[in-house]
Amino acid sequence: MSEIIPEPRATEDADTAEPVAATSGLLVLAPLRLEANAVRRGLREPASRVQRTGMGAARSRKRVSGESMPGTFGAMVVMGTAGGLTDDLSPGDLVVATEVSDGATTVALPGADLLAAELRRAGLSARAGKIVTVPKIVKATERAKLAAKGYLAADMESAALVSAALAGTGAGRPAAVIRAVSDSGFGPGMVTGGLDALRSLRLAAPVAERWAAACQQRTVLLAGPRSFCAGVERAIEIVERALEQRGAPVYVRKQIVHNTRVVSDLEQRGAVFVDELDEVPDGATVVFSAHGVSPAVRSTATDRGLSVIDATCPLVSKVHAEARRFAREGYTVALIGHAGHEEVEGTLGEAPGSTVLVQTVDDVAALSPSDPSKVAYLMQTTLAVDEAADVSAALRERFPRMRAPGSDDICYATTNRQAAVRAVAVEADLVLVAGSKNSSNSVRLVERSERAGTPAHLIDGATDIQLSWLSGVSVVGLTAGASAPPEVVEEIITALSGLGTVTVTERVTTTESVQFGLPREVRR
Ligand code: SF4
């Protein structure tokens, strides 16, 4: 079946002996004429250029060395076809190189995950992985050996092209390699596989342009403090120790902390996350998450004879104790928080007959306590400080004799991270918040940045970064919610460094030294 391919819009004449001198934007290095033409048909930006470099390492190296290389471009991408080395790659799949190597020289390309994710968002099948450059087409037995060394695809030019370009006029500029799998062996499928690969190269071309548009030197302003709080560290350590001491499986009711990375890491080590206790076998060990549980859950666990280890954060337990105390003294407790959050459900369960959830100023107006002179309020620990302040002020106005918690329930880690993100947001063009969507404190950090006037995005990791967010952005504020691991922050910085030189500066608004002891069940 033939395919209608639009005429190229990008300027090019790279098949001529004299390469075009680009003024800015993307330079694509494509070894073969077919590959170069496929890419050209996909390009959309007038500033984009395609340079055909010829087949094989020696020709490629010569073509991009010295005067043959266009001097002015923003970023370069090697685009061409490749042989797939693993069984799970099909013709047309794209491999974005995390590194290219010819055995003698290896060049790391740190933005590969980010680019591969953008290609996937464009509907293409793309993976990031290592690409090896070989002197001739590899046979089936060699493919297996290369795959065993961790390579995803083999080509005949990428390592030579990237290393020669970076040593010449491409020095200091961002580089990437996108290879489309044309075959995974010799046979009749090679021809149709080649067409699939060329189609993928064409469709990948505008994504490469988006990548080039996001490339520039940047400053990353790190908010301090960020990432794990003492309650999260304690909860994770409790599960780790339970696994060490009791062996897998260890059941955990709800996510131990609201972070997909943490949960998946613990799952791989033998933790089994369940929504409710009826999913836990009799006699098994169950850990209650950092967000706490209601007394009803505790009592079900006791009735079932489960071995319980409580990872509820001590600051959440403090709110629970206050709810019980106020209820005992005959107060109606207005709990400021978000409906459905596990912590809120646990606190509501402490004194269900006396506690009312108030989420907004309107909820305050609708409150009808049995005795307006006996109202107290408590707060979810992970609320935004100013958001909670609005509702508590409305409560105070309506119930002037209202009792308050001993100290603000919003915890030190939430308060500190919000102050820190604000400090970077006022200086940044964009704020990235590492954290999962169900992490209340991480969502609040996004809102805090936006209230400071800076667009912000919540991301689980670098692959969630959309290239369009970064276009024209020279200062990125970066933080992580209290449940997000510190290594995610490192991963994001590494990914950004694949788009241009990154200067990292930290803005520390306060330092933290809080630590919580472990429950006796897991103390050594
Ligand atoms: S954010 Fe605060 S309340 Fe929540 S687990 Fe961390 S220290 Fe505890």
Side-chain angles (χ1 to χ4, degrees), residues 223-241 252-263 266 273 287-294 309-323 335-338 340-350 377-388 405-422 433-448 458 479-486 488-489 509-519 522:
R226 63 184 172 277
S227 194
F228 283 171
C229 60
V232 163
E233 281 182 344
R234 174 180 181 270
I236 294 169
E237 189 174 354
I238 287 170
V239 179
E240 288 172 341
R241 286 191 178 217
V252 183
R253 185 183 175 276
K254 308 286 184 189
Q255 291 192 347
I256 184 70
V257 300
H258 285 155
N259 187 268
T260 51
R261 295 274 183 112
V262 171
V263 167
L266 290 172
F273 292 88
V287 178
F288 291 155
S289 80
H291 307 102
V293 296
S294 67
I309 310 175
D310 191 358
T312 304
C313 175
L315 298 184
V316 175
S317 298
K318 172 181 147 282
V319 178
H320 287 193
E322 286 170 326
L335 175 62
I336 306 172
H338 291 291
H341 191 276
E342 284 152 40
E343 181 190 324
V344 165
E345 286 178 357
T347 308
L348 285 171
E350 290 290 342
Y377 82 95
L378 296 172
M379 287 186 276
Q380 181 183 337
T381 57
T382 48
L383 286 187
V385 178
D386 40 6
E387 177 189 21
S407 59
D408 272 355
D409 292 327
I410 292 176
C411 91
Y412 78 97
T414 302
T415 307
N416 291 347
R417 278 153 191 69
Q418 288 180 17
V421 80
R422 188 181 184 286
V433 177
S436 294
K437 288 189 171 54
N438 62 343
S439 162
S440 171
N441 79 84
S442 303
V443 173
R444 304 286 88 76
L445 294 177
V446 170
E447 293 170 355
R448 194 76 197 81
L458 183 64
T479 187
S483 49
V488 180
V489 172
T509 50
T510 189
T511 52
E512 295 174 343
S513 57
V514 176
Q515 284 186 317
F516 298 128
L518 293 168
V522 291

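Only heavy atoms go into these numbers, but all of them, side chains included; no hydrogens, no water, no symmetry mates. Owing to the predicted nature of the structure, the values given are computational and were not obtained by experimental measurement. Note that ligands are numbered from 1 as they come in the structure, with each ligand's atoms numbered from 1 the same way.
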Legend entry - Salt bridge flag under 4.0 Å for residues Arg417 and Glu512: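 Salt bridge present between Arg417 and Glu512.
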Inset, instruction - Run the salt-bridge test on Arg234 and Glu237 with the 4.0 Å N-O cut-off and return the result as yes or no. - result: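 Judged by the 4.0 Å cut-off on N to carboxylate O distance, Arg234 and Glu237 do not form a salt bridge.
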Legend entry - Flag for Asn438-Ser436: side-chain donor and acceptor within less than 3.5 Å: no
Inset, instruction - Count the heavy atoms of every other residue, nucleotide or ligand shown that sit under 6.0 Å from CZ of Arg241, and state whether that count exceeds 12. - result: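 For Arg241, atom CZ is crowded (more than 12 foreign heavy atoms under 6.0 Å).
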Inset, instruction - Assign the ring pair His291 / His258 to parallel, tilted or perpendicular, where the plane angle (0 to 90°) is split at 30° and 60°. - result: parallel
Legend entry - ring pair (Phe, Tyr, Trp, His ring centres under 6.0 Å) against His320, all qualifying residues, sequence neighbours excluded: none
Legend entry - Polar protein atoms near atom 2 (Fe) of ligand 1 [N, O or S; cut-off under 2.8 Å]: Cys411 SG
